[in-house]
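Some notes on the structure that comes next.
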Amino acid sequence: MKLRTPLALVALFALILCSACGPATTRTLANKQKMDFGVAIKAGDIFDPVRSKIIIDNFNLIVPEDSMKWANIRPKKDFWNWSDMDAMVAFAQKNKMKIKGHTFLWHDQNAPYVGSLKTREEAIALLEDHITTIVTRYKGRVSEWDVANEVFLEDGSLRNSIWYRLIGDDFLDVAFHAARKADPKAKLILCDYNTEYAGSAKGDASYEMVKGLKERGVPIDGVAFQLHVMAELPLDEEAIRENIKRFAALGLSVSFSEVDVRVRMPLDESKEAEQNAVYEKLAKIARTEPTAKSMILWGFTDKGSWIPRSFAGFGSAHIFDTKLEKKTGYDAVMKGLSGK
Ligand code: 9MR
């Protein structure tokens, strides 16, 4: 009798603990590793019970895939469409997730009146107003912002966007200073694709730009490598790590911010294995580089994915299939996040 009581107590205790823990997911693994594991979502996802459960169970950060883009959040100069972003911020808070804002200074998805700007003064005034209004509204609730997005061309030169064309060389300074002023605690990020490798024209241009920004006291905290990649191109892990380290030496963190791994269709077992290797490696690098610790997927499901629309002949890029079921890529990410 004496022995049975403590055993029963242990069993009861285990039962209580287990009801709280449940099976491991990408979210629980990321929490354990103290890293951000996020996903870009559409506003509608949070109102869909199946999709929202997947998001809550598996991610600890969300990014609005499109809702915060200029044309969507401010289609007219004096008309703000806050409803989607407000709903997403509330969803993130309710479910104890971080939320990242995306994006202010961009060449794409701008409202028509942005294209009609004529002078440097007008452009600075509108950009500052835009950033200040949004960052102030979500101060303390949105933890990080892609302040500027895709400012480079592949040859490393600056893209001739309306912002660069009108404002000139200090266009990023203007944007980052405005964001810092509106929320001194939020993390401010410069985001781009094909910048993950040192030695590429675009990768080096991004590094030199950030170095210059730091030298002149512009408040930038991190860079984001988007990493929309192809399964058939193996990743050069060492080169990515080296690039992360050179940004770390400038005092900046790196996030893998728009990860998807597209496959040349039709899918077969060996292509799936290639894809899984890429997912696992990215999660492993993000976990093990102390200044990375952040991986965000650009969507979680093949259903409605942007990939087939933008890359003819490619698909199956995400870790849940068109039926919203986990694919083997999910397990690959789990391996990368846990090291097991
Ligand atoms: O996935 C996004 C897609 O739904 C939009 O139609 C498109 C244009 O706004 O933008 C896509 O997201 C892009 C992101 O904002 C910036 N990096 C590239 C992404 C894929 O095009």
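Counting starts at 1 for both ligands and their atoms, in listed order.
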- Item | Side-chain H-bond candidate by donor/acceptor type, R74 with H130, under 3.5 Å | yes
- Under a single-linkage rule joining Ile, Leu, Val, Met, Phe, Trp and Tyr whose side-chain heavy atoms are separated by less than 4.5 Å, which residues share a cluster with Y193? none
- Query: What is the nearest protein non-hydrogen atom to atom 16 (C) of ligand 1, stated with its residue, atom name and distance?
  - Reply: E150 OE2, 3.2 Å
- Query: Considering only the protein, which heavy-atom contact is closest to atom 6 (O) of ligand 1, and what is its distance?
  - Reply: D66 OD1, 4.2 Å
- Message: Rounded at 0.5 Å granularity, tell me how far OH in Y330 sits from NZ in K327.
- Response: 14.0 Å
- Item | Part of Y193 with heavy atoms under 4.0 Å of ligand 1, whether side chain, backbone, both or neither | neither
- Item | Within-cut-off N or O pair, E65 and ligand 1, under 3.5 Å | yes
- W106 and ligand 1 - part of the residue with a heavy-atom distance under 4.0 Å: side chain
- Note on the structure: If we number the atoms of ligand 1 from 1 as shown, the ones under 4.0 Å from a heavy atom of N149 are 16 (C)
- Can an N or O of E258 be found at a distance shorter than 3.5 Å from an N or O of ligand 1? yes
- Nearest-contact summary for atom 9 (O) of ligand 1 - protein heavy atom, Å: Q109 CG, 2.9 Å
- Query: Hey, are S338 and K32 close enough side-chain-wise for a donor-acceptor pair under 3.5 Å?
  - Reply: no
- With heavy atoms and a 4.0 Å threshold, my read on which part of K42 contacts ligand 1 is side chain
- Message: With no hydrogens and no angle check, just 3.5 Å: does a side-chain donor-acceptor pair link N194 and Q226?
- Response: no
- Task: Give, for atom CG of D331 and atom OH of Y279, the distance between the pair rounded to the nearest 0.5 Å.
- Result: 13.0 Å
- Parallel, tilted or perpendicular for W82 and W80, by the 30°/60° rule? parallel
- Item | atom 21 (O) of ligand 1: nearest protein contact (heavy atom, Å) | W306 CZ3, 3.3 Å
- Note on the structure: The complete set of ring pair (Phe, Tyr, Trp, His ring centres under 6.0 Å) pairs with one or both residues in residues 197-220, sequence neighbours excluded, reads Y207-F247
- Note on the structure: The protein heavy atom nearest to atom 11 (C) of ligand 1 is K69 NZ, 3.4 Å
